[in-house]
Each structure stands twice: as structure tokens, then as C-alpha cells.
Amino acid sequence: MREQDKPIPEEKGEHVGSFSRTDDSIEIPFDEKTVPKQEPVQGRGGFHFQRTLASFSLEGKTAVVTGGARGLGLVMAQALVVSGADVALVDLNKEEAEKQAKELVKVFKDENPGADRVPKVTGHFCDVSDEHSVESVLSDVISQHGKIDNLVTSAGFTENFDAIKYPIDRVRKLWGVNVDGTYLFATGVARHLMERKAPGSIVFIGSMSGAIVNVPQPQAPYNASKAAVRHLGRSLAVEWAHANIRVNVIEPGYMLTALTEKILNENPELGNKWTSLIPQGKMGRPVDLMGPVVFLCSDASNYVTGADLRVDGGYTCT
Ligand SMILES: NC(=O)c1ccc[n+]([C@@H]2O[C@H](COP(=O)([O-])OP(=O)(O)OC[C@H]3O[C@@H](n4cnc5c(N)ncnc54)[C@H](O)[C@@H]3O)[C@@H](O)[C@H]2O)c1
């Protein structure tokens with residue numbers, strides 16, 4: 001038989017499942033009750049004498065971080081505090097947001113003995129998918145902090161279902177948090193900035209899933225939500241450029257949080273597959289987002305707007 005006439009392995013039914021495809025047997029619903037407890041934040045900063053650009057400093061800025069009580073949001077909030085910003089942690093879990101706010105201040109004081117100014121960090125309740133809740137928390141933050149200059153939208157979640165079986169109420173909930181929540185906070189903060197005629201920088205936490213389709217776990221609505229976040233960021237960047245409000249998107253790849261660690265412990269095959277697709281050969285650590293978020297919030301990125309910054313170990317390059 002001539003070489004070109006031989007059936008390709010796929011046609012013979014070989015290697016099924018080993019291709020870059022989703023696997024409809026993987027189902028991982030998101031259940032808030034099973035999320036592991038987040039370790040208290042650890043020291044990350046402290047006073048140092050290494051030279052760096054002053055434009056990276058966030059002294060004098062006030063930032064709101066949604067989903068700030070845990071995971072990536074909490075670590076990014078710490079990066080902002082270490083860089084001198086006052087921060088409001090906004091989350092469904094008010095108790096945890098308040099606890100972590102105190103912890104961030106404590107760590108800052110321990111690392112900066114004798115600091116002439118200690119950042120103010122507060123914790124607040126909000127359901128980001130509810131417009132009344134967003135409106136109310138923004139006025140609470142403004143009354144406690146006086147103003148808002150930066151927004152980081154990290155509230156969001158993912159879950160895995162074959163699209164054919166994905167319950168529509170769960171899809172709506174996911175889009176409500178990931179997309180509506182981002183939109184409501186962005187417009188609320190932009191309105192405040194425009195009223196003050198002040199410049200500002202907004203950072204959306206999207207995902208590389210807004211640009212590629214993950215395998216093998218099926219997650220079409222999540223991927224679509226992050227594609228929406230990405231294009232929302234670009235659209236608002238253009239719409240608000242006249243007001244000196246920048247909007248950028250950070251797109252993390254696979255990051256090792258307490259939650260992903262739990263998923264990987266329960267589904268070890270996923271970790272091997274994921275890592276095999278990452279050029280750097282390892283998952284990211286939440287601290288890998290500290291530099292990117294500070295850069296995008298600060299004046300160091302003054303001419304950067306509408307950008308999506310992938311922090312994915314090279315995943316989306318291949
Ligand atoms: N962990 C990853 O590997 C990864 C990768 C790419 C993108 N992301 C994105 O990063 C963001 C944060 O993810 P994470 O891994 O830190 O998740 P996480 O579950 O550890 O933290 C999310 C936080 O958001 C809060 N939250 C959820 N729904 C909310 C709502 N309706 N209103 C207010 N707060 C709400 C939760 O209480 C929690 O504190 C998400 O948008 C996620 O899609 C995560």
C-alpha cells in the first residue's frame with residue numbers, strides 16, 4: 001500500500017483521547033463549601049534598598065480588589081499593599097475579607113518596623129453579580145477611603161461540565177459573576193473617576209482560556225466568559241481613554257492556588273496533561289501575578305491600555 005493511502009491512526013480509532021481534545025467524562029462542579037481554607041498571607045515585601053523605578057510605587061493610591069479574600073485576588077492585594085496602596089478587599093465572604101485585611105496590615109507592620117505610614121486595608125461584602133450590592137459596596141469603600149484610583153477584578157470561578165449537560169442556571173450564574181461582575185465594577189469605578197476628573201487604572205483578571213480552549217477538561221461557558229472579559233477590557237480602554245482611565249487584562253495560565261491544588265489531588269491525570277503543555281514545564285504561583293498587577297496599576301504603565309498580559313509560562317505561544 002502506498003504511504004499516502006494508509007489510514008491515519010485517528011481513522012482506525014487509535015489514540016482516541018490522547019489528542020488535544022476535551023474529554024466529556026470530566027466533570028468538576030464548583031462548590032463553595034468544598035474550597036480549602038486559604039493559608040494566611042505570608043511576608044512578601046518589606047523595606048529594601050534595591051533601586052527600582054519610582055513610577056512603580058502605588059503610594060497615595062486606593063485600590064479595590066474584588067474576590068480579594070482568597071486565592072489570586074488576595075495575593076495581588078498584598079502586592080498593592082506592599083507597593084504602598086490603600087486597599088479594599090471586596091468578597092462574598094465578608095468575614096474572610098475582614099480577617100485578611102487585618103492580616104495584610106499586620107504583615108506590613110512586621111516587615112516595615114517604624115514605617116511613617118501604614119496602608120489602610122478594609123474588608124467588605126459584595127456579590128459582584130448584583131448591581132445593588134456593587135453600588136452599595138462602592139459607596140461604602142468611598143466613604144471609608146475617600147476615593148478609588150485602581151480596580152482589580154478577581155472575583156470569578158470556573159467549573160467543568162460537558163456543554164451538552166451543563167445546567168443552564170449554573171451557566172447563567174458563572175456568566176453573572178465572571179462577566180456582569182466585571183462590567184458592574186468597571187462602570188461603577190469609572191463613573192466615580194469621571195466625577196472626580198481623576199485618572200485611574202483598571203485591571204481585569206481574565207484567563208488564557210479567553211484566548212485558547214483548555215484540554216482535556218470541558219469548560220465552554222468559562223472560556224466564553226473570559227473571552228468576554230478580554231474584549232470588554234479592550235472596548236472600555238477605547239471608550240474611556242479620553243478620561244485618562246486605562247483598562248488592561250491579566251490572563252493567567254494554570255496557577256497553583258489552594259483550590260487548583262485540591263482539584264489536582266482529586267484528578268492527578270489533569271496536572272500531568274496541563275504541565276506537559278506549558279513551555280516553562282510548571283504551573284504558575286500566585287506570587288507570579290504580583291509584578292504584573294503592580295505594573296498595570298501604576299504609572300509605570302501609563303501608555304499601556306487595552307492590553308492583555310498573559311502570565312502563563314508560555315502556554316498560549318504553542
Ligand atoms: N487559579 C487559576 O489557575 C486561574 C487561572 C486563570 C484565571 N483565574 C481567574 O482568577 C480569578 C481568581 O481565581 P482564584 O483561583 O483566585 O479563585 P478563588 O476561588 O480562590 O477566589 C475567588 C474569590 O472570589 C470570591 N467570589 C466568588 N464569587 C463572588 C461573587 N459573586 N461576589 C464576590 N466575590 C466572589 C470568592 O469568595 C473567592 O474569595 C478568577 O476570575 C479566575 O477565573 C484563575
Side-chain angles (χ1 to χ4, degrees), residues 28 30-39 41 64-78 88-101 123-134 136-137 152-160 172-182 184-185 203-212 214 217 219 221-230 233 249-264 270-271 274-275 278 282-289 292-293 308-313 315-316:
I28 309 175
F30 178 78
D31 179 2
E32 187 60 44
K33 290 190 232 53
T34 63
V35 176
K37 275 259 161 266
Q38 172 93 16
E39 288 298 312
V41 281
V64 172
V65 181
T66 72
R70 189 176 75 210
L72 305 181
L74 176 58
V75 174
M76 289 187 286
Q78 188 171 30
L89 304 177
V90 165
D91 206 282
L92 266 186
N93 189 340
K94 182 176 189 228
E95 199 187 318
E96 191 65 17
E98 285 175 336
K99 182 179 140 205
Q100 295 293 356
H124 311 256
F125 167 81
C126 179
D127 175 357
V128 300
S129 63
D130 179 290
E131 71 259 42
H132 304 296
S133 187
V134 174
S136 140
V137 78
V152 178
T153 60
S154 192
F157 71 96
T158 182
E159 57 183 0
N160 305 115
R172 290 197 175 114
K173 181 164 183 235
L174 183 126
W175 286 343
V177 177
N178 293 8
V179 184
D180 300 6
T182 305
L184 290 170
F185 261 90
V203 179
F204 293 165
I205 305 307
S207 167
M208 68 172 179
S209 310
I212 52 96
N214 305 63
Q217 72 281 20
Q219 48 182 45
Y222 177 78
N223 298 344
S225 78
K226 293 301 184 176
V229 165
R230 182 171 193 232
V249 185
I250 290 180
E251 300 187 333
Y254 289 117
M255 310 301 287
L256 257 182
T257 58
L259 182 55
T260 41
E261 232 166 289
K262 176 177 173 282
I263 291 173
L264 291 181
L270 280 186
W274 292 354
T275 311
I278 304 170
K282 60 183 178 190
M283 288 176 63
R285 303 159 306 161
V287 289
D288 294 327
L289 297 176
V293 77
D308 38 274
L309 176 52
R310 310 255 170 95
V311 185
D312 65 359
Y315 190 109
T316 49

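Numbering of ligands and ligand atoms starts at 1, following listing order. The structure presented is a predicted model; accordingly, all values stated were derived computationally and were not measured.
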Charged N-O contact under 4.0 Å between E98 and K94: yes
Could you label the plane-to-plane angle of the Y254 and W274 rings as parallel, tilted or perpendicular, counting under 30° as parallel and over 60° as perpendicular? parallel
What pairs with A155 under side chain to side chain contact (heavy atoms under 4.5 Å, CB included), at least two apart in sequence or on another chain? T66, V128
E95, CD: over 12 other non-hydrogen atoms inside 6.0 angstrom: no
Who's touching ligand 1 if we go heavy atoms under 4.0 Å? G67, R70, G71, L72, D91, L92, C126, D127, V128, S154, A155, G156, V177, I205, G206, S207, Y222, K226, P252, G253, Y254, M255, T257, L259, T260
Applying ring pair (Phe, Tyr, Trp, His ring centres under 6.0 Å), name anything that partners F125, two or more places apart in sequence or on another chain. none
Among residues at least two apart in sequence or on other chains, which ones pass side chain to side chain contact (heavy atoms under 4.5 Å, CB included) with R172? I168
